[in-house]
Amino acid sequence: MTVPADWPTTAEAARAEQERLRPLVVPEGPEPPRRPGTLIAGVDVAYDDERDVVAAAAVLLDYATLDVVEQVTAVGRVAFPYLPGLLAFRELPAVLDALSRLTRTPDLIVCDGYGLAHPRRLGLASHLGVHTGLPTLGIAKTPFTFTHEPPGDRRGDWSPLLDGPETVGRAVRTRQGVKPVFLSVGHRIGLPEATAVTLALTPSYRLPETTRRADSLCRRALAATVPAP
DNA sequence: GCGACAG
DNA sequence: ATCTTGTCGC
């Protein structure tokens, strides 16, 4: 899980890379085991553009208990600006760095963002799946450019996430009466299982434990890197 | 051409 | 993402 030497630095190069990677995406591939002992990884990144510093975190949870079994961080330089549709090029270098520090290989990685639900069908989660070869799933907090009917009010209710007529993911209610999360498959997983995993990771909050844990960890890592004023 | 736009 | 206070509610 290392960053290629020819990592794109311009929007043009990044879009060209997405065109090249597209055939490798396998959203309906074989499903990994989701039994007790299965390891689910969560990754997230925090930025200090002012100082050009980025901190990534990777947490490993036991799927059955949701206990943290391992957690690592990586700090580096910001490699790419934020451009809608090209988030992977901004987040992945640091994420790959953090993942490489885990001593165990995750059975599934959950991303804070999209997978298939992407203008060119290659969001952050898809991109990470292609690079690592591991199953990935994207769980986002906003609908991005997609549309959806509000899902039912109960936890577990969901509705299709649409790009025009095409279903690219699901809006899933993880807490009764609370705004849904927006999930899409990344690599080697299908929507039904992605939905089940999402619900398993949200026993008490809207966002999955993987994202919550990784988010707080990378923020702490960033704060520890930047000297207080 | 002008907005909108995962994080 | 990040900047930011108090406030309502379980």
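Letters go in sequence order (proteins before strands), and every chain restarts at 1. Worth knowing before you read on, the calculation uses all heavy atoms, side chains too, and leaves out hydrogens, waters and symmetry mates. Predicted model, so just to flag it, every value in this text is computed and none were measured.
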Is the NZ or CZ atom of A/R90 both under 6.0 Å from the centre of the six-membered ring of A/Y47 and within 45° of that ring's axis? yes
Within the 4.0 Å heavy-atom criterion, would you say A/Y47 contacts the bases, only the backbone, or no part of the nucleic acid? sugar-phosphate
Euclidean distance, atom CZ of residue A/R220 to atom P of C/dA1 [Å, nearest integer]: 16 Å
Taking any heavy-atom pair under 4.0 Å as a contact, classify A/A117: base, sugar-phosphate, or nothing. nothing
Is the closest basic N to carboxylate O distance between A/R212 and A/D215 below 4.0 Å? no
Looking at A/R175 and A/P180, would you say the former's side chain and the latter's main chain have a donor-acceptor pair under 3.5 Å? no
Within the structure, does a side-chain N or O atom of A/K141 lie under 4.0 Å from either OP1 or OP2 of B/dA6? no
Provide, to the nearest angstrom, the distance between the CZ atom belonging to A/R175 and the C1' atom belonging to C/dG9. 11 Å
Separation of A/D163 atom CG from B/dA4 atom P, in whole Å? 19 Å
Quick one: A/D112 CG to C/dT2 P, roughly how many Å, whole number? 11 Å
So A/L161, base contact, sugar-phosphate only, or nothing? Heavy-atom distance under 4.0 Å. nothing
Does OP1 or OP2 of C/dA1 have a side-chain N or O of A/R219 closer than 4.0 Å? yes
Quickly work out the A/L83 CG to B/dC5 P distance and round it to whole Å. 16 Å
Phosphate-side-chain proximity, A/T142 and B/dC5, N/O vs OP1/OP2 below 4.0 Å: no
Return the nearest nucleotide to the side chain of A/A140; candidates are B/dA6, C/dA1, B/dC5. B/dA6
Rounded to whole angstroms, how far apart are OH on A/Y114 and C1' on B/dC5? 11 Å
Closest to the side chain of A/L124, out of C/dT2, B/dA6, B/dG7, is B/dA6
Hey, what's the ring geometry for A/Y114 with A/F146, parallel, tilted or perpendicular (30° and 60° as the breaks)? perpendicular
Counting the atoms with a prime plus P, OP1 and OP2 as sugar-phosphate, which does A/G85 contact under 4.0 Å by heavy atoms, base, sugar-phosphate, or nothing? base
Residues A/R51 and A/R77: closest non-hydrogen pair is O-NH1, 3.2 Å
Atom CZ of A/R90 and atom C1' of B/dG7 are separated, to the nearest Å, by 8 Å
Rounding to a whole Å, what distance do you find between A/R51:CZ and C/dT2:C1'? 14 Å
